[in-house]
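Accompanying notes for the structure given below.
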Amino acid sequence: MILTADRKYVLNGVTVNEFLITEHNDNNVPMGYDMKGNRIGITVHNTPRLGEVAKTQAEQYARATYNNNMNGVIVHFYVDETGAWQLLPLDVSGFHAADGDGPGNRRTIAVECIMDGSGSESDKKSEENCAKIVAGLLKMFDFGIKDLYTHNHWYPQKYCPAYILPHWNEFRKKVEGYIKEENAGIRQETVNKTLYRIRKSWDDSKSQIGAYTNLESAKSVCKSGYYVFDEKGNKVYPLEDMKNSTSNISVELRQLRKGMKGKDIEAMQAILIAKGYSCGTYGSDGDFGENTEKAVRNFQTDRKLSADGIVGEKTWAELFR
């Protein structure tokens, strides 16, 4: 299964695909420790380019991590010539420095730069992206160049980053240059997408077994005793259970139309989403806007109702069918 990023953002000019294993730990990948307030710097690694891959080199490594095929190694970022994939929150430690419970593993953010040492354009671009990501992270946490480490620093037996170490000082100078870039340490968000989380209940975050931007993907993973929730904590799947619980929701089945707001609109949107009709980026937000009207019209058309975009008695009846 090729991974789909839950979020995308830009850091120092590099596009980062965020797919946090903490939100997708279906395969029991060992997790690190809380290092909020204890971070001391960034550790750079090299990992070899793979052969032919389905998507990108960084996605392939991210997927191997998600599938628990990395022999216990987990890093924060994989970087290639196309961009980066982030796998851990920046306040959770990884397992990457081979120093056990030492400061490399427990207190630094790990960045893996994917290269083969050939000096190819792909290698050069990967290293450039790596330098930009590292600079952005150093700036973000108010670190200096002295807080940039090699894997070899923590574990001298390992000559890593093997392809960057021969010109490490040059790499450091490149990073120093990128730190000076305007907005270097600012995470610039791209389009925000609704994230569908699979839990036993909304309040039981520890029970979460997955989080997906695609509702159908979330529904396919959802198992007995679990439910799919949108960003607002509304239960959107299984639909039957949601129908049976509507008696506990105090809403008036008034006629709904574009421009209106309310809890009944939020409930209507949740049902539409559960039936596969997108209400836009913000999901079931209780605001009957253009995207919700479009979803209502599409639903009405599919149910052979008058596609006027107004939720009246007949449309309500079909929604609860």
Side-chain angles (χ1 to χ4, degrees), residues 1 3-9 17-38 62-63 65-68 72 74 76 85-95 106 189 192-251 262-287 319-320:
M1 177 186 76
L3 302 184
T4 300
D6 293 321
R7 292 163 287 274
K8 289 190 177 186
Y9 65 93
N17 299 277
E18 189 177 79
F19 183 90
L20 302 180
I21 301 299
T22 49
E23 296 179 1
H24 294 278
N25 203 1
D26 311 293
N27 299 307
N28 300 313
V29 178
M31 288 291 101
Y33 303 91
D34 184 359
M35 63 175 184
K36 189 174 183 179
N38 294 317
R63 191 171 359 135
T65 304
Y66 165 73
N67 289 326
N68 203 0
I74 183 167
H76 295 83
W85 280 74
Q86 180 183 346
L87 301 178
L88 286 174
L90 301 182
D91 56 3
V92 174
S93 67
F95 295 107
R106 295 289 293 266
E189 302 292 342
N192 184 34
K193 294 184 177 181
T194 298
L195 193 63
Y196 298 101
R197 294 175 170 85
I198 306 164
R199 301 176 179 177
K200 289 183 177 179
S201 70
W202 178 249
D203 293 331
D204 187 5
S205 60
K206 291 184 178 180
S207 69
Q208 183 166 303
I209 58 173
Y212 299 84
T213 55
N214 184 284
L215 176 60
E216 292 307 312
S217 296
K219 288 163 68 173
S220 69
V221 173
C222 189
K223 57 187 180 181
S224 178
Y226 286 79
Y227 304 92
V228 178
F229 297 89
D230 66 13
E231 291 277 6
K232 302 287 186 180
N234 298 304
K235 189 187 298 180
V236 297
Y237 183 81
L239 187 58
E240 284 304 314
D241 185 88
M242 187 176 69
K243 282 191 213 175
N244 294 336
S245 66
T246 53
S247 60
N248 297 322
I249 303 174
S250 179
V251 293
K263 280 289 182 182
D264 47 359
I265 292 172
E266 190 174 321
M268 178 267 293
Q269 289 170 321
I271 296 172
L272 280 170
I273 293 168
K275 289 180 176 291
Y277 297 86
S278 172
C279 291
T281 301
Y282 299 104
S284 53
D285 60 358
D287 188 348
L319 285 168
F320 285 110

Minimum heavy-atom distance [X]-[Y], with the two atoms named:
X: S201; Y: S207; value: N-OG, 4.3 Å
X: V236; Y: A274; value: O-CB, 2.5 Å
X: V92; Y: M35; value: O-CE, 3.7 Å
X: I74; Y: T65; value: CG1-CG2, 3.9 Å
X: D285; Y: Q269; value: N-OE1, 3.0 Å
X: E23; Y: Q208; value: O-NE2, 3.5 Å

Heavy-atom side-chain contact between P30 and N68 under 4.5 Å
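Side chain of P30 against side chain of N68, heavy atoms only: contact under 4.5 Å found.
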Check whether any side-chain heavy atom of Y196 lies under 4.5 Å from a side-chain heavy atom of I273, and answer yes or no.
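Yes - at least one pair of side-chain heavy atoms lies under 4.5 Å apart.
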The criterion is side-chain hydrogen bond (donor to acceptor under 3.5 Å, both in side chains); which residues satisfy it with D287, sequence neighbours excluded?
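For D287 there are no side-chain hydrogen bond (donor to acceptor under 3.5 Å, both in side chains) partners, ignoring immediate neighbours.
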Non-neighbouring partners of Y66 that pass side-chain hydrogen bond (donor to acceptor under 3.5 Å, both in side chains), sequence neighbours left out:
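With sequence neighbours excluded, Y66 shows a side-chain hydrogen bond (donor to acceptor under 3.5 Å, both in side chains) to D26, given in chain and number order.
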Using the rule given for side chain to side chain contact (heavy atoms under 4.5 Å, CB included), can you reason through Y226 versus Y237, listing the C-alpha separation, both sets of side-chain angles and the distance that settles it, and then say yes or no?
CA-CA 9 Å; Y226 286 79; Y237 183 81; over 6 Å; no
So Y227 and I198, side chain to side chain contact (heavy atoms under 4.5 Å, CB included) or not? Walk me through it.
CA-CA 6 Å; Y227 304 92; I198 306 164; over 6 Å; no
Counting N and O atoms only, with roles assigned by atom type, does the side chain of N234 sit under 3.5 Å from a partner on the main chain of D230, one being a donor and the other an acceptor?
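No, N234 side chain to D230 backbone: no donor-acceptor pair under 3.5 Å.
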What's the verdict on side chain to side chain contact (heavy atoms under 4.5 Å, CB included) for H76 and L88, showing C-alpha distance, side-chain angles and the deciding distance?
CA-CA 5 Å; H76 295 83; L88 286 174; 3.6 Å; yes
Look up atom [atom1] in [X] and atom [atom2] in [Y], then write down how far apart they are to the nearest 0.5 Å.
X: K223; Y: K200; atom1: NZ; atom2: NZ; answer: 8.0 Å
X: M31; Y: N28; atom1: CE; atom2: CG; answer: 9.5 Å
X: L87; Y: E18; atom1: CG; atom2: CD; answer: 10.0 Å
X: F19; Y: T4; atom1: CZ; atom2: OG1; answer: 8.0 Å

Report the C-alpha distance between I265 and M268 in whole Å, list the side-chain angles of each, state the deciding distance to 0.1 Å, and finish with yes or no for side chain to side chain contact (heavy atoms under 4.5 Å, CB included).
CA-CA 5 Å; I265 292 172; M268 178 267 293; 4.2 Å; yes
Taking only residues two or more places apart in sequence, or in another chain, which ones meet R199 in a salt bridge (charged side-chain N to carboxylate O under 4.0 Å, His left out)?
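Per chain and number, R199 pairs via salt bridge (charged side-chain N to carboxylate O under 4.0 Å, His left out) with no residue.
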